[in-house]
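Here you go, one structure.
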There are 2 protein chains.
Amino acid sequence: MTKVEYNLDHVDYKILRLMQDNARINNADIARELSMAPSAILERVKKLEQKNVILQYNAKINPAAIDQKLLSFIFIKANDIIGEQKVGILLAEIPEVQEVHDIAGDDGYLIKVRTADSTALVDLMRNTLGKIEGIISTRTTIVLQTVKEEQQLVIPE
Amino acid sequence: MTKVEYNLDHVDYKILRLMQDNARINNADIARELSMAPSAILERVKKLEQKNVILQYNAKINPAAIDQKLLSFIFIKANDIIGEQKVGILLAEIPEVQEVHDIAGDDGYLIKVRTADSTALVDLMRNTLGKIEGIISTRTTIVLQTVKEEQQLVIPE
DNA sequence: TATGAAACCGTAGCCAG
DNA sequence: CTGGCTACGGTTTCATA
């Protein structure tokens with residue numbers, strides 16, 4: 001992995017702050033907010049995309065609207081060779097698995113999973129997780145209610 | 001809380017599938033993909049926004065680019081009255097806290113926190129979490145590496 | 001709800017200052 | 001980076017079905 005220099009300035013930060021809350025804002029509006037010319041904004045946004053500062057533009061969809069009512073976190077103990085993440089990569093391929101984190105402590109992963117209900121979760125664990133080689137054990141935490149769920153980062157001044 | 005009917009059809013699902021992967025796609029392109037008129041797409045997208053099916057449009061920003069290199073999950077035991085979530089609401093107000101989930105089991109919350117490094121995490125726990133009334137104990141899990149981190153949902157056909 | 005025409009406006013590319 | 005310019009095409013509205 002190569003060391004990358006991002007070299008962002010205050011104007012970039014302002015653009016990022018506007019875009020992470022409203023990805024569909026147009027260049028003209030950003031330009032007005034920052035009192036700059038639209039062409040300058042366009043260049044900066046393109047550079048932010050090229051440099052992988054902006055990774056993607058997502059629409060955040062209400063899980064309830066498409067009947068994905070159950071959220072769970074599962075700790076997974078695996079016998080992966082350190083740094084290899086064979087199990088992690090397989091976990092990441094499951095569409096219902098939104099996140100896979102390699103965590104400190106017990107040679108394991110923490111994954112975030114969304115399913116319709118508990119029946120669908122049990123099915124997933126049996127039929128999909130159960131088929132992955134190298135999983136030693138799992139511990140499931142069910143979410144009763146979500147108070148906050150955002151991906152916004154704290155952007156410097 | 002009132003029961004809401006979303007009543008989405010296959011066309012809505014297709015629109016959602018396109019938009020959750022590229023929030024900046026334009027109506028004309030969606031229209032071409034679905035072989036429909038742009039004006040019809042515009043109406044549907046507006047309705048999806050009104051009905052809170054689409055909650056927000058976010059730019060996903062590379063945490064490394066703005067020096068937010070540490071991700072942690074913290075389990076928090078609290079003496080909240082059930083259903084009241086006083087602690088949960090206070091936790092949600094912290095900008096570094098991206099997620100707050102009320103979890104089954106130990107009268108507690110699971111929160112997701114992003115900070116620059118472990119020093120900043122310790123500061124946050126001491127100065128911000130430490131000031132919240134009602135927190136009994138915390139257990140912190142540090143993420144060494146993230147294999148996958150998405151918010152995309154599995155959208156039906 | 002969907003379409004298609006028309007007016008409007010933002011985008012993207014250019015270049016001079 | 002600004003600002004002026006242009007061509008193009010996307011957005012939005014509305015009458016119509």
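Note that these values count all heavy atoms, side chains included, but never hydrogens, waters or copies made by symmetry. Naming: A, B, ... by sequence-line order, numbering from 1 per chain.
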Check your understanding: Which parts of residues 15-23 of chain A get close to DNA chain C, meaning a heavy atom less than 4.0 angstrom away?
Key ->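 Within this stretch, nothing sits under 4.0 Å of the strand.
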Check your understanding: Who are the side-chain contact (heavy atoms from CB on, under 4.5 Å) partners of B:Ser39, not counting sequence neighbours?
Key ->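 Scan of B:Ser39 (side-chain contact (heavy atoms from CB on, under 4.5 Å), adjacent residues dropped) gives B:Ala37.
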Point to revise | B/S/- contact track for nucleotides 11-17 of chain D, protein heavy atom under 4.0 Å | key: SSB----
**Study point:** Residue pair B:Tyr109, B:Asp80: steps toward the side chain to side chain donor-acceptor pair (under 3.5 Å) verdict
**Key:** CA-CA 10 Å; B:Tyr109 296 95; B:Asp80 266 8; 2.5 Å; yes
Review point. Tell me the salt bridge (Lys or Arg N to Asp or Glu O under 4.0 Å) pairs involving residues 143-157 of chain B, sequence neighbours left out?
Key: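 Sorted pair list: B:Lys112-B:Glu149, B:Arg114-B:Glu149.
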Check your understanding: Without hydrogens or angle criteria, can the side chains of A:Gln20 and B:Tyr57 be said to hold a donor-acceptor pair below 3.5 Å?
Key ->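 There is no such pair between these side chains.
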**Study point:** Salt bridge present between B:Asp29 and B:Arg32 (N-O < 4.0 angstrom)
**Key:**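 Looking at B:Asp29 and B:Arg32, the cut-off is met.
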Review point. Considering residues, nucleotides and ligands other than B:Lys77, do more than 12 of their heavy atoms fall under 6.0 Å from its NZ?
Key: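 Check fails, neighbour count at 12 or below.
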Check your understanding: So do B:Leu124 and B:Val122 actually touch side chain to side chain, heavy atoms under 4.5 Å?
Key ->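 No. Closest side-chain heavy atoms not under 4.5 Å.
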Practice item. Please list, in 5' to 3' order, the outermost nucleotides of DNA chain C lying under 4.0 Å from any heavy atom of chain B. Key: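 Range of nucleotides within reach of chain B: C:dT1 to C:dG4.
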Check your understanding: Does any pair with a residue in residues 130-144 of chain A pass salt bridge (Lys or Arg N to Asp or Glu O under 4.0 Å), and if so which ones, sequence neighbours excluded?
Key ->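 Applying salt bridge (Lys or Arg N to Asp or Glu O under 4.0 Å) to every pair that reaches into residues 130-144 of chain A, excluding sequence neighbours, yields nothing.
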Check your understanding: Hey, is A:Lys14 close enough to A:Asp12 for a salt bridge, meaning N to O under 4.0 Å?
Key ->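 No salt bridge links A:Lys14 with A:Asp12.
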Exercise for review: Report the C-alpha distance between A:Ile30 and A:Met19 in whole Å, list the side-chain angles of each, state the deciding distance to 0.1 Å, and finish with yes or no for side chain to side chain contact (heavy atoms under 4.5 Å, CB included).
Suggested key: CA-CA 9 Å; A:Ile30 299 176; A:Met19 296 197 79; 4.2 Å; yes
